[in-house]
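Residue numbers begin at 1 in each chain, while the letters A, B, ... track the order of the sequences.
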Number of protein chains: 2
Amino acid sequence: MLFMKKADFRSICPLSSSLDLVGDKWSLLIIRDLFMGKTTYSDFLSSPESIATNVLVARLKSLKEYGIIDVRKDEKRKNIKYYFLTDMGKDLLPILANMALWYEKHVHAEPEPISKHLTDLMMK
Amino acid sequence: MLFMKKADFRSICPLSSSLDLVGDKWSLLIIRDLFMGKTTYSDFLSSPESIATNVLVARLKSLKEYGIIDVRKDEKRKNIKYYFLTDMGKDLLPILANMALWYEKHVHAEPEPISKHLTDLMMK
DNA sequence: CTGTATCCAGCCGGATACTG
DNA sequence: CAGTATCCGGCTGGATACAG
């Protein structure tokens with residue numbers, strides 16, 4: 001697995017273990033993008049953090065391996081794939097929303113559309 | 001700042017920004033330890049993930065800079081410091097608890113004491 | 001355009017030695 | 001024991017070229 005530093009080592013701690021899966025900035029930003037309605041390779045590349053293509057490919061691969069996202073062929077544009085969150089991935093919403101809210105509460109008070117969007121998603 | 005890759009760059013996205021502060025495995029594990037009642041240098045070293053001492057020092061420093069933890073001299077044992085969460089740090093509890101619960105729900109069903117502890121803390 | 005691969009500078013972190 | 005510092009191998013990720 002991609003983020004496992006020591007071979008086969010996994011802490012007993014469920015928090016530490018979850019960090020091995022999603023404790024990576026780029027992975028969480030891709031997941032954010034998916035919550036924001038992005039679905040394609042170019043969608044992810046267009047995000048303001050400008051992820052490198054090799055990083056994007058690597059993260060998409062590991063997220064799929066972990067069962068957090070899945071991939072399907074687009075019925076209309078046959079040559080491209082679209083990526084979407086599995087139920088496992090969707091359950092990360094409270095974590096992302098809370099992180100955004102935490103930042104706005106303690107660092108920068110001006111609420112940005114994204115945190116509102118994530119919070120709204122979480123409410124319904 | 002420690003995790004700022006590009007000089008002075010900070011995304012507009014509050015999630016991305018919060019990841020610059022706490023989107024690091026070691027930082028979150030130290031914060032977990034603090035929620036679990038650990039307070040000292042040796043406490044952190046004794047955790048099962050065996051953080052390296054240079055990493056521990058670096059993380060304690062940046063967490064203090066960010067205002068997530070603070071340090072005080074122990075009144076009884078004058079020669080050591082103890083570390084504790086600020087209100088800003090305490091507000092990270094739902095994030096940690098949710099990550100632990102997420103892992104137990106989707107990867108490993110056996111609940112460990114830590115997730116129960118974090119959840120209990122969150123409830124009261 | 002979607003997606004992959006390669007190069008390589010720089011950072012991360014494990015090991016270890018050191019100070020008070 | 002608390003806390004710091006240095007060495008250095010390996011990984012991360014930016015740039016870029018490439019394939020379909």
Side-chain angles (χ1 to χ4, degrees), chain A residues 1-11 16 19-30 33-34 38-65 69-84, chain B residues 1-11 16 19-30 33-34 38-65 69-84:
Chain A
M1 284 194 197
L2 204 61
F3 307 123
M4 302 297 286
K5 300 301 160 74
K6 304 181 183 181
D8 288 339
F9 176 81
R10 170 159 293 176
S11 170
S16 176
L19 289 171
D20 289 331
L21 304 185
V22 292
D24 168 82
K25 172 161 175 150
W26 294 118
S27 298
L28 288 174
L29 291 181
I30 292 171
D33 283 352
L34 288 164
K38 301 192 172 187
T39 54
T40 67
Y41 186 86
S42 63
D43 283 342
F44 304 132
L45 284 184
S46 73
S47 286
E49 293 84 9
S50 51
I51 188 171
T53 56
N54 56 341
V55 177
L56 176 57
V57 167
R59 293 300 183 278
L60 289 173
K61 188 173 176 217
S62 60
L63 287 173
K64 183 165 185 339
E65 281 177 11
I69 68 172
D70 209 343
V71 193
R72 209 174 285 161
K73 298 260 184 200
D74 191 319
E75 290 303 315
K76 292 154 192 167
R77 296 186 293 162
K78 301 270 188 188
N79 53 330
I80 74 168
K81 302 173 184 171
Y82 78 94
Y83 302 87
F84 60 97
Chain B
M1 284 193 198
L2 205 63
F3 306 123
M4 303 297 285
K5 299 302 158 76
K6 303 181 182 181
D8 289 339
F9 176 81
R10 170 158 294 174
S11 171
S16 176
L19 289 171
D20 289 331
L21 304 184
V22 293
D24 169 83
K25 171 160 177 152
W26 294 118
S27 298
L28 288 174
L29 291 180
I30 291 170
D33 284 352
L34 287 164
K38 302 192 171 186
T39 55
T40 67
Y41 185 87
S42 64
D43 283 343
F44 304 131
L45 283 185
S46 74
S47 286
E49 293 84 8
S50 50
I51 187 171
T53 56
N54 56 342
V55 177
L56 176 57
V57 168
R59 294 299 183 276
L60 288 174
K61 187 173 176 218
S62 60
L63 287 173
K64 182 164 186 336
E65 281 178 10
I69 68 172
D70 209 343
V71 193
R72 212 174 284 163
K73 297 257 183 204
D74 191 319
E75 290 303 315
K76 293 152 191 168
R77 297 185 293 162
K78 301 270 186 186
N79 54 332
I80 73 167
K81 303 172 183 172
Y82 78 94
Y83 303 86
F84 60 96

Whether Ser42(B) contacts dC1(D) is assessed here as follows: a side-chain N or O lying under 4.0 Å from the phosphate OP1 or OP2. Is that the case? no
What is the distance, rounded to the nearest whole Å, between atom CG of Leu56(A) and atom C1' of dG13(D)? 12 Å
Is there a donor in the side chain of Thr39(A) and an acceptor in the side chain of Lys81(A), or the other way round, less than 3.5 Å apart? no
Let's test your reading of the model: under 3.5 Å, does the base of dT16(C) pair with the side chain of Thr53(B) as donor and acceptor? yes
Within the 3.5 Å criterion, strictly below it, is a donor on Asp43(B) or Ser46(B) matched to an acceptor on the partner's side chain? no
Distance, rounded to the nearest Å, where Lys73(B) contributes NZ and dG20(C) contributes P: 15 Å
Working for salt bridge (Lys or Arg N to Asp or Glu O under 4.0 Å), residues Lys25(A) and Asp20(B): CA-CA 8 Å; Lys25(A) 172 161 175 150; Asp20(B) 289 331; 2.6 Å; yes
Nearest whole angstrom, please: distance from the P of dC11(C) to the CG of Asp24(A). 18 Å
Nearest to side-chain heavy atoms of Tyr41(A), which nucleotide of dG14(D), dG3(C), dG13(C): dG3(C)
Does Tyr83(A) place a side-chain N or O at less than 4.0 Å from the phosphate oxygens OP1/OP2 of dG3(C)? yes
To the nearest angstrom, the CZ-P distance between Arg59(B) and dG3(D) comes to 17 Å
Among dG14(D), dG13(C), dG3(D), the one nearest any side-chain atom of Ala52(A) is dG14(D)
Worked verdict on Leu63(A) versus Tyr83(A) for side chain to side chain contact (heavy atoms under 4.5 Å, CB included): CA-CA 10 Å; Leu63(A) 287 173; Tyr83(A) 302 87; over 6 Å; no
Take the protein atom NZ of Lys25(A) and the nucleotide atom C1' of dC12(C), then report the distance between them rounded to whole Å. 16 Å
When the nearest nucleotide of DNA chain D is assigned to Asn54(B) and to Leu45(B) on a heavy-atom basis, which residue is associated with the more 5' position? Leu45(B)
